[in-house]
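Data block below; observations after.
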Amino acid sequence: MAPGERPVALLREALAVEVLLDGTWHPAELLGWRHDAPDSARLRVRLDRDGGPRVLWVPPALVRLPVPGAVPAPRRSAPALPAPHRAAHPPVRRSAPAAPSDAPVAPPAAGASAGGTSAAELRLQVELLKLQAWVREERRRVVVVLDGGRDAGQAGIAAALVEHLDPRWARVVTGAADRAALLPSPCGILVADRCWCGPAPVAVDELVARERALLDGGVQLVKLWCSVRRPDADPVAEAALVGATSTPGAPWTVLAADDEPRARLAALRHVLAALDYRGRSDDALGRPDPLVVAAVPPLAVRA
């Protein structure tokens with residue numbers, strides 16, 4: 001990333017929020033966010049201040065997002081903004097402006113979500129920004145494992161997890177990855193997309209030993225097994241592998257992935273709930289969907 005450039009995401013429609021200024025929560029609109037060098041994110045908000053509308057960049061901790069059932073803050077009519085881009089593709093790069101403005105912005109990059117993002121997913125995306133800030137500040141290492149059946153939506157979940165994260169500190173590993181590629185960098189988040197247990201059959205003891213070594217090294221593991229009901233699925237083999245490799249330090253959670261949008265939201269919620277990061281909003285996370293996620297009882301620790 002060149003000096004002075006930041007990945008910027010803008011929302012198609014402003015989202016009603018509240019901003020904490022001078023000890024008071026003020027009605028505002030969330031317009032988007034950017035990553036400031038080297039390790040922090042800021043949200044772009046618009047609110048009435050000093051007698052007129054102003055656009056500010058503020059830390060996520062000073063923004064309160066709406067929760068289901070809450071009365072939204074007052075909103076003004078505003079022009080539609082482009083849909084958020086996907087950081088899984090080359091992010092939109094913009095030079096840092098001298099001052100915030102409401103100048104017209106370029107159309108969304110190729111691969112952007114043409115239909116926008118739901119309010120529920122936006123809340124989770126902002127929580128992911130908080131998670132990454134905490135990982136960087138605390139010098140943590142996080143691995144999110146997405147494994148399971150073929151075409152069970154792992155790629156979509158992986159893309160959603162890193163969609164608006166700073167790509168310097170978050171990456172997705174896919175396919176027949178070399179085991180060394182599955183080691184997270186310090187201060188980083190790694191998402192393993194269907195490469196943790198295979199593609200070739202893996203020995204259970206080898207997998208458990210590898211996970212134990214990562215845990216002993218301070219890595220935090222979150223493991224999701226994505227399952228779909230298809231004729232070519234082998235539920236007996238899946239259950240055997242999942243049951244044999246679910247340990248107290250690295251348990252599996254099974255995700256019913258037949259309804260892809262619902263499964264994606266459930267996956268984001270589960271990852272965020274599994275990590276006790278600073279500033280986590282449990283109201284924004286909501287409750288787990290019992291029809292989609294199910295914990296796998298861990299086996300006793302092997303000698």
Side-chain angles (χ1 to χ4, degrees), residues 7 9 11 33 35 39 41 60 65 83-91 111-113 116-136 140-149 151-175 177 181-185 187-197 214 219-227 250 252-257 259-277 279-281 284-286 288-289 292-293:
L11 306 182
W33 47 75
H35 291 282
D39 57 9
L65 291 163
H85 76 282
R86 289 190 175 273
H89 297 279
S113 173
T117 307
S118 69
E121 188 165 340
L122 283 174
R123 287 192 290 271
L124 300 178
Q125 290 292 346
V126 173
E127 289 298 309
L128 284 166
L129 293 174
K130 294 180 185 178
L131 170 63
Q132 186 175 51
W134 172 78
V135 168
R136 293 283 296 128
R140 305 288 180 128
R141 292 190 295 168
V142 174
V143 174
V144 178
V145 176
L146 302 173
D147 223 308
D151 298 329
Q154 295 95 333
I157 295 171
L161 282 167
V162 302
E163 182 171 9
H164 296 297
L165 299 185
D166 190 329
R168 294 171 295 180
W169 312 108
R171 62 191 177 99
V172 176
V173 178
T174 61
L182 299 176
L183 294 175
S185 59
C187 311
I189 299 172
L190 182 147
V191 180
D193 176 6
R194 291 201 71 212
C195 56
W196 196 254
C197 300
L214 289 174
V219 174
Q220 293 178 266
L221 276 174
V222 182
K223 294 160 50 183
L224 274 168
W225 186 273
C226 302
S227 179
W252 282 105
T253 295
V254 175
L255 184 76
D259 184 338
E260 194 167 330
R262 188 175 178 182
R264 183 171 63 249
L265 284 177
L268 298 185
R269 288 191 181 103
H270 175 74
V271 170
L272 291 164
L275 298 165
D276 190 18
Y277 57 93
R280 188 178 73 186
S281 170
L285 267 58
D289 188 337
V292 178
V293 294

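Since the model is a prediction, treat every value here as computed from it, not as a measurement.
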Minimum side-chain heavy-atom gap Leu161-Val172 below 4.5 Å:
no

Heavy-atom check, side chain of Leu221 versus side chain of Val145, under 4.5 Å
yes

Trp196: which of Val144, Val143, Leu146 passes side chain to side chain contact (heavy atoms under 4.5 Å, CB included)
Val143

Pick out which of Val135, Leu214, Leu183, Val219 makes a side chain to side chain contact (heavy atoms under 4.5 Å, CB included) with Arg141.
Val219

For Ala266, does its backbone N or O pair with a side-chain atom of Asp289 as donor and acceptor, under 3.5 Å?
no

Is there side-chain contact between Arg280 and Leu285, with heavy atoms separated by less than 4.5 Å?
yes

So, for Val293 and Pro288, which heavy atoms are closest and what is the spacing to 0.1 Å?
CG2-CB, 3.9 Å

On the 0 to 90° scale, with breaks at 30° and 60°, tag the Trp225-Trp252 ring pair as parallel, tilted or perpendicular.
perpendicular

Calculate, to the nearest 0.5 Å, the distance between atoms CG and CZ belonging to Leu124 and Arg269 respectively.
5.5 Å

Given side chains that start at C-beta, do those of Glu121 and Leu265 come closer than 4.5 Å, heavy atoms only?
yes

To check you understand the geometry: which heavy-atom pair defines the closest contact between Val254 and Ser227, and what is its length?
CG1-CB, 4.3 Å

To the closest 0.5 Å, what do you measure between OG (Ser185) and CZ (Arg168)?
12.0 Å

Measure the spacing between CG of Leu272 and CZ of Arg123 and express it to the nearest 0.5 Å.
12.5 Å

Rounded to the nearest 0.5 Å, what separates atom CZ in Arg136 from atom CG in Leu131?
12.5 Å

Are the side chain of Glu127 and the backbone of Ser281 linked by a donor-acceptor contact shorter than 3.5 Å?
yes

Atom CD in Gln132, atom CZ in Arg140: separation rounded to 0.5 Å?
15.0 Å

Quick check against the 3.5 Å criterion: does Glu260 have a side-chain atom that pairs as donor or acceptor with the backbone of Ile157?
no

Nearest heavy atoms of Ala267 and Leu255, plus distance in Å
CB-CD2, 4.1 Å

Donor-acceptor contact present, side-chain Gln125 to main-chain Glu163, <3.5 Å:
no

Distance, nearest 0.5 Å, that separates CZ of Arg194 from SG of Cys226:
9.5 Å

Can a donor-acceptor pair be found, under 3.5 Å and without considering hydrogens, that links the side chain of Asp193 to the backbone of Ala158?
no

Side-chain contact, heavy-atom cut-off 4.5 Å: Arg171 with Val162?
no

Specify the closest pair of heavy atoms between Leu129 and Leu165, including all atoms of both residues, with the distance to one decimal.
N-CD2, 4.1 Å

Can you see which heavy atom on Gly149 is nearest to which on Ala152, and at what distance?
O-CB, 3.3 Å

